[in-house]
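Following: one structure in structure tokens, then a few remarks.
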Amino acid sequence: MTIIDNAVYVDGKRHTEPETLEQTSEVLASCGGMAWIGLYRPTREEMFAVAAEFGLHGLAVEDAISAHQRPKLERYDHNLFTVLRPARYLDATETVEFGELHIFTGKNFVVTVRHAEMAGVAKVRHRLESRPDLLAHGPEAVLYALLDQVVDDYAPVVAGLENDIDEIEDQLFSGDSQVSRRIYDLAREVIHFQRAIHPLPEMLEQLRRGFEKYGVEAELQHNLRDVGDHVQRVISRADSFRDILQNALTLDGTLTANRQNEVSAEQNEQVKKISSWAAILFAPSFVAGVYGMNFEEMPELHWAFGYPMALGLMVVIAGGMYAIFKKKGWL
């Protein structure tokens with residue numbers, strides 16, 4: 001069994017650590033309190049064993065096994081099934097890594113299922129164990145604390161993405177040929193980030209609607225509202241990132257087109273110069289070619305001034321063409 005931690009809490013304090021799920025149920029029956037079971041990538045058989053012990057709904061269990069779920073909150077009778085998408089920013093690769101956390105909460109139990117490496121669940125457990133007064137509120141306290149931790153962990157992601165976007169702005173005007181690819185990669189990460197956070201306000205609203213019905217403590221209500229405020233700030237920043245990247249992509253296209261136009265204009269100028277000199281050199285070559293055919297009946301062939309006249313004609317034609325091209329700005 002891939003159980004990372006299995007503990008029963010009574011009055012907010014860690015009471016015992018059963019070795020099996022059956023023992024966990026026995027302790028709950030005899031002592032009351034709340035069980036918190038942490039699983040890491042459980043198999044189908046292991047997940048169904050947990051489901052049988054705590055009465056988890058089959059559809060939610062299938063989702064937890066298959067993973068790759070979008071954030072959501074579903075209620076099955078008196079149990080809640082919550083899916084969260086934790087994220088962390090990797091400085092080494094300048095990318096965002098997304099995990100997946102499934103949380104089952106019932107009257108007297110919490111089951112957390114992780115499908116990626118993340119320290120958030122352990123941090124929440126340790127923090128709540130240091131606050132027995134808060135942990136004594138039961139499964140709702142664990143769920144709200146996990147929500148709070150996941151949202152707090154988004155802050156370094158926002159900072160990392162913001163830094164990457166600042167670097168892109170510098171690259172845009174440096175003529176870096178790889179900037180377009182980086183913009184696309186960043187835009188894809190921002191879209192994935194938005195998919196992880198955009199469902200959260202509706203999920204929190206669903207929880208708020210159950211405050212009165214399920215008698216949620218005032219302190220937990222306050223904590224959840226604080227989580228909602230953080231979520232709105234994260235969403236606002238992520239949405240602004242997408243707008244900035246869209247503008248950056250448009251600007252990159254404009255700058256690329258301008259650079260191509262500049263290159264094309266430079267090439268046209270070079271073509272003009274080459275063509276001008278080719279035309280200038282062609283004129284003397286043409287005159288020389290004509291007078292070099294040496295036919296017997298050619299005019300001026302035996303004329304004493306024929307040679308100076310041919311040279312002069314070459315110079316006049318070449319000079320005239322040079323003057324024309326110079327005036328047009330081709331030379």
Side-chain angles (χ1 to χ4, degrees), residues 67-73 82-103 112 114-128 143-174 176 178-208 222-252:
H68 303 295
Q69 304 292 315
R70 295 194 68 179
K72 62 181 179 179
L73 187 147
T82 308
V83 179
L84 300 175
R85 296 299 306 274
R88 60 174 180 165
Y89 184 82
L90 305 178
D91 290 312
T93 57
E94 295 186 331
T95 57
V96 180
E97 181 182 72
F98 294 91
E100 192 164 342
L101 175 63
H102 297 177
I103 309 166
T112 55
R114 293 190 290 118
H115 288 278
E117 293 289 344
M118 56 171 292
V121 176
K123 288 169 62 177
V124 170
R125 190 186 286 264
H126 294 153
R127 189 173 80 239
L128 288 178
L143 175 59
Y144 295 176
L146 288 170
L147 278 165
D148 184 43
Q149 183 65 51
V150 169
V151 173
D152 284 348
D153 288 342
Y154 288 150
V157 176
V158 171
L161 289 173
E162 190 169 27
N163 183 68
D164 289 345
I165 291 173
D166 290 341
E167 291 177 357
I168 278 181
E169 292 175 349
D170 295 334
Q171 285 180 277
L172 277 172
F173 297 99
S174 67
D176 189 339
Q178 299 299 317
V179 67
S180 298
R181 175 61 182 271
R182 192 167 187 205
I183 292 174
Y184 276 115
D185 290 342
L186 260 180
R188 185 173 64 249
E189 289 186 344
V190 169
I191 290 172
H192 290 164
F193 190 43
Q194 288 179 310
R195 289 174 180 170
I197 61 179
H198 273 203
L200 292 177
E202 176 58 29
M203 293 167 60
L204 297 176
E205 181 59 32
Q206 286 181 259
L207 291 173
R208 279 193 286 267
H222 174 75
N223 290 348
L224 192 67
R225 292 191 182 97
D226 186 58
V227 173
D229 292 339
H230 291 173
V231 167
Q232 290 299 335
R233 286 197 290 270
V234 172
I235 288 176
S236 176
R237 295 297 296 138
D239 291 347
S240 70
F241 290 160
R242 190 164 184 183
D243 292 338
I244 292 171
L245 289 171
Q246 184 61 48
N247 293 335
L249 193 59
T250 302
L251 177 59
D252 179 56

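The chain is numbered in sequence order, starting from 1.
- Under the 3.5 Å distance criterion, with hydrogens and angles disregarded, a donor-acceptor pair is assigned to the side chains of His102 and Glu100.
- Legend: residues meeting ring pair (Phe, Tyr, Trp, His ring centres under 6.0 Å) with Tyr144, ordered by chain and number and at least two apart, are absent.
- Closest approach of Pro86 and Val150 over heavy atoms only: CA-CG1, 4.0 Å.
- In this structure, Phe241 and Glu162 approach most closely via the heavy-atom pair CZ-CB, 3.8 Å.
- If you take OG1 on Thr82 and CG on Leu146, they are separated by 9.0 Å, rounding to the nearest 0.5 Å.
- Once rounded to the nearest 0.5 Å, the distance linking CG of Leu147 with NE2 of His230 reads 13.0 Å.
- When the options Val157, Asp229, Val158 are evaluated for a side chain to side chain contact (heavy atoms under 4.5 Å, CB included) with Val234, the one that passes is Val158.
- The CG atom of Leu73 lies 5.0 Å from the CG atom of Leu207; values are rounded to the nearest 0.5 Å.
- Of the N and O atoms on the side chains of Ser236 and Arg233, not one donor lies less than 3.5 Å from an acceptor on the other residue.
- With salt bridges taken as basic N to acidic carboxylate O contacts below 4.0 Å, one links Arg188 and Asp185.
- The side-chain heavy atoms of Val96 and Arg88, taken from C-beta on, include no pair separated by under 4.5 Å.
- Between Asp148 and Leu224 there is no side-chain heavy-atom pair separated by less than 4.5 Å.
- Residues Phe193 and Tyr154 place their aromatic rings such that the two centres sit under 6.0 Å apart.
- Interatomic distance, Leu101 CG to Arg114 CZ, rounded to the nearest 0.5 Å: 8.5 Å.
- In this structure, the ring of His68 has its center no less than 6.0 angstrom from the ring center of His115.
- Across all non-hydrogen atoms, the minimal contact from Ala238 to Val190 is O-CG1, 3.7 Å.
- With values rounded to the nearest 0.5 angstrom, Ile183 atom CD1 is found 12.5 Å from Arg181 atom CZ.
- The environment of His192 atom NE2 is dense: over 12 non-hydrogen atoms of other residues, nucleotides or ligands sit within 6.0 angstrom.
- One finds the CD1 atom of Ile244 at 8.0 Å from the CG atom of Asn247 (value rounded to the nearest 0.5 Å).
- Side-chain atoms of Arg85 come within 3.5 Å of backbone N or O of Gly99 as a donor-acceptor pair.
- For the residue pair Ala145 and Val124, the shortest heavy atom distance occurs at CB-CG1, 3.6 Å.
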For a quick test of your reading: what N or O donor-acceptor pairs under 3.5 Å do the side chains of residues 195-204 make, sequence neighbours left out?
unit_1, atom_1, unit_2, atom_2, d
His198, NE2, Asp239, OD1, 3.0

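- In this structure, a donor-acceptor pair under 3.5 Å is absent between the side chains of Asp153 and Tyr89.
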